Every structure is written in C-alpha cells, then in structure tokens.
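Source: prediction; values computed, not measured. This chain uses plain numbering: 1 for the first residue, then up along the sequence.
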Amino acid sequence: MLGIQFFASIIVWLLILVSLVLFGCAAAFSILKYRDLKAQEQAAEASVDEFVLTTNIVEYGSLSITWLVLSVVTSLLFVVTLLVTLFSFNRIRLAIELLVEASKAVLANLTAILLPILTFVLMTAVLAYGVAVTIWIMAYDVRKESMNSSGNSNFTVCKEKFISTGNQDDFQDAAECAFQFVGGDGYVKIMHLVNVFAVLWLVFFVMGLGQCALAGIFSDWYWSRGEIGFLPVTRNISRTLFYHTGSIAFGSFLIAFVTLVRLLIEYAERKFKEYQNDMVKFMLKVLKCLVWCIEKLLKFISKNAYIIVASYSKSFCSAALEACRLLTSNCVRVVILNGITFLIMVLCQLVIVGIMGYLSYVVFVGSELSQVWDFMERPELTYYFSPIIVIVIGAFCISRLFFDVYDMAVDTLFICALEDQEHNDGSAEKPYAMSKDLQRILGTKNKYEEQFDNKAEDNM
C-alpha cells in the first residue's frame, strides 16, 4: 500500500510508456516482416495459398497475411494508446491521484482490512445453510420402487418389504422389489428453486453489506478530511445494519433475480440440448449474453449506489439514479479510472503471488537455504509442488480480498469527489472537502483558504 501511495505515478506512466514502445516495435517488426515475405512471394512468382486453420503455429509465421493482420492490430493499439494518453492526460492524473488518496484512506483505516474476513465468514455460513437445506429437501423426496408379483404381471408400489396387491388385507412378501427412481411430488422442485434463490439473495446481501460498510468508512474519511474518529469500522457496520439493510436487501434482490434467470436459461439449454436446432441455440446464446450483461450492469450500479446510500442515507432507487447520472456524465473518467485501477491491482497481485511462490519454492525445493536446514529437518514430501500450489492459491485469495477493499476505496473517493465538485463551490459556506492535489487536478480551489494565505503573505 505504501508502494502504491509513493510510486503510483511512476508505475502508471511507466506502464503507458512500455505499452507504447511494445506496440510501436511490434507494429514496425510486423510491417518489415510482411514486406519481406511479400517480396519473396513475388520473386518466386508463387500463388498465395488459401488461409487454412491448423494446429501448427509455426506455419502461420510463414504467411504474409499473418503479419499483415498483426501489423494492422498493433498499429491500431499504438495509435489508440497514444491518442488516449495525449487527450486524456488530466484524466490519467486524476486516476493516479485517486489511487494515492485511496492508499492514504486505507492506511488511516487499517481495521477495514478485517471486514472482508467477516464477509467471508458470513458467506460460508450462507453456503452451509444452502447445502443443509438442499440435503433436507432431497431427504424429503419419496422413494419409489416397483415390483413384479409372482402371481400378477402388473407393477405396483412397494412399501418396506411388503407388496400390496390391491386388497388392504392382502399383503405378500414373496415377490421381489426393484429400485426404480428417487423422486417426489412436483412441489419439491419448487422448493429447490426457492432455496437456490434464497442462497443467491443472501450471498449478494452479504456482499452488499460489506460494500456499504466499506463505503461508509471511506466516505467518512473523505468528508471529515482524514479525521476518522473512534472505531470507524464498528460504527459503520452498526450504521449499515440499522439504517441501510432495506436498500441493500432491495439491491441484492434485483441481482439475485437476474442471476436466477441466467441460471435457469443455462439449465434449460443443457436439459433440452438434443432437441434444439441452430435457431434455438442462437436465440439462447443471445438471451444468455443479454441477461449476463444486465447482471453485470446491476452489480456495477448497485456498488456505486451503496456508496451514495452510505454517504447520504438515500434510498436504493434514488441512490441508483444519482449514481447513473454521475457515472454517465463522467464516463471517460470512469473508464480510465477503472482501467488504471485494474492494471495496478493485477500487477500488485502478480508481484505478491510471485514472491510467495518463489519463497515457498526456495523453502521446499531450492538449495539457497541449505545452511538453515542444517539446524532444521527438511520436510520429506512425495510431491514438493503440492504445498507450493496451496501457498500460491492462498496468497492470491488473501491478496484479492485485500485489494477488494482498495478497489472500494478508489470508487468511494471518486464518487465523493464528483459529489464534492458538484455541490460545493469553494466558499467559506461550501468548502471543498477534497485534498489540495485533487483540487489542482480538477481545477478547483477553496477561495477562503486562498484569501487566508494572501493575508498571511501580506502580514509577513
């Protein structure tokens, strides 16, 4: 986190510079390669073979059309990256400054890192509840068996080891029962469907609870100008539980409903796969894509709506409309901020996972610690990469939980900065709560502070 705070600017501009150099060199090399291959084909007066898909990757390198496509793609990437850098310079600076401010906010509220652990525990409890209810519903099913009685060729239902032949007083135990299927009444499927929806709703509710609590922590830090007060995590969790559970429940209900629709479409696609023609398959693919996009859009809007709910205690619908208005009016900033944040977090996660993987390899396999093992017995393992894989996966999961907090801090500070810029004017009555670095990038300034600084200079 300290690294991001002090080196975010260097990392981002270095990534942009490296991208430009790589795209430029790749475009130049592809163009030169294409010209050489085209000249060889013309000198040999050979006709160009039809492009055919093959598993031999080396064969593509001998075709001029391959390098032509690569030159076009890399040239476009180079031009787009260069234009975005030139025309969105201030927006990139804003994204970098928000990363720095988010690092300060997380460092000032280190206990917020523990909140994902609570969310993980609640999520585990919800999944355990879902599994338990599923087992109970399956156990509630009625066991169906069939038999062929020795004196009658008709099939009837067996109960225990006795077979009813139609007469209540006439039971036979000589005939054999054969297992047929496990099933139940039709409403059992409805019970499974309700259980799946309940688990989805609870899962998204727990996620929303964590997001709203984190948004409250970082919005308090922003508007109080770094004065976090006493027990910010406990205070915001209790405030979220007492005042914002209705908004979180409604938002999670919408996401759970759309997710359930998507799962039902996938279930129907697999269930009736053999009865589908090409048109039905195409329509199902389009429908799945549409529902998936709606689900992602709802999650994105809900996340930003929870920020406004935590900051202003608005209802979910009002907060969602406010979030949509702010994000659509600043769509370029949103795209650049999300892209830079994603690159920084991926890079940091790769560094953490790589370091932990290398250290675990040194401990279990490498000879660098041979002197240390003189005092300790090296563990005898059949397959040394098993603990290394477990450590790498654990490092990835832990770093992902931590950077989810950081990502929420960036989004919260971004929404707060937009709200600050819109509702305040820098006067003594409505001063900006943002830092001076953000004010400089956004072109705003607290007028009363400027007047105070001028008076101080005059007195000197």
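Counting only residues at least two apart or in different chains, side chain to side chain donor-acceptor pair (under 3.5 Å) contacts with residues 71-84 are absent. Legend: salt bridge (charged side-chain N to carboxylate O under 4.0 Å, His left out) pairs involving residues 300-317, not counting sequence neighbours, sorted by first then second residue: K303-D407, K303-D411.
Remark: I393 engages I389, C397 in a side chain to side chain contact (heavy atoms under 4.5 Å, CB included) (not counting sequence neighbours). Here A215 pairs with I307, A310, M408, T412 under the side chain to side chain contact (heavy atoms under 4.5 Å, CB included) rule; sequence neighbours left out. Residues satisfying the side chain to side chain contact (heavy atoms under 4.5 Å, CB included) criterion with F89, sequence neighbours excluded, are W13, R93. Every residue two or more places apart in sequence or in another chain that forms a side chain to side chain donor-acceptor pair (under 3.5 Å) with K288 is listed here: E269. Residues that satisfy the side chain to side chain donor-acceptor pair (under 3.5 Å) test with E101, not counting sequence neighbours, are S435. Every residue two or more places apart in sequence or in another chain was checked for a side chain to side chain donor-acceptor pair (under 3.5 Å) with S313, and none qualifies. Residues meeting the side chain to side chain donor-acceptor pair (under 3.5 Å) test with R262, sequence neighbours left out: E266, E295.
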Let me check something: any side-chain donor-acceptor pairs from residues 337-357 under 3.5 Å, sequence neighbours excluded? List them with distances.
{"residue": "N338", "atom": "ND2", "partner": "V334", "partner atom": "O", "Å": "3.3"}
{"residue": "T341", "atom": "OG1", "partner": "L337", "partner atom": "O", "Å": "2.7"}

Give the table of side-chain donor-acceptor pairs shorter than 3.5 Å for residues 244-252, with sequence neighbours excluded, one pair per line with atom names and distance.
{"residue": "S247", "atom": "OG", "partner": "F316", "partner atom": "N", "Å": "3.4"}
{"residue": "S252", "atom": "OG", "partner": "W201", "partner atom": "NE1", "Å": "3.0"}
{"residue": "S252", "atom": "OG", "partner": "I248", "partner atom": "O", "Å": "2.8"}
{"residue": "S252", "atom": "OG", "partner": "A249", "partner atom": "O", "Å": "2.9"}

Show me the donor-acceptor pairs within less than 3.5 Å that the side chains of residues 118-133 make with the rest of the protein, sequence neighbours left out.
{"residue": "T119", "atom": "OG1", "partner": "L115", "partner atom": "O", "Å": "3.1"}
{"residue": "T124", "atom": "OG1", "partner": "F120", "partner atom": "O", "Å": "2.8"}

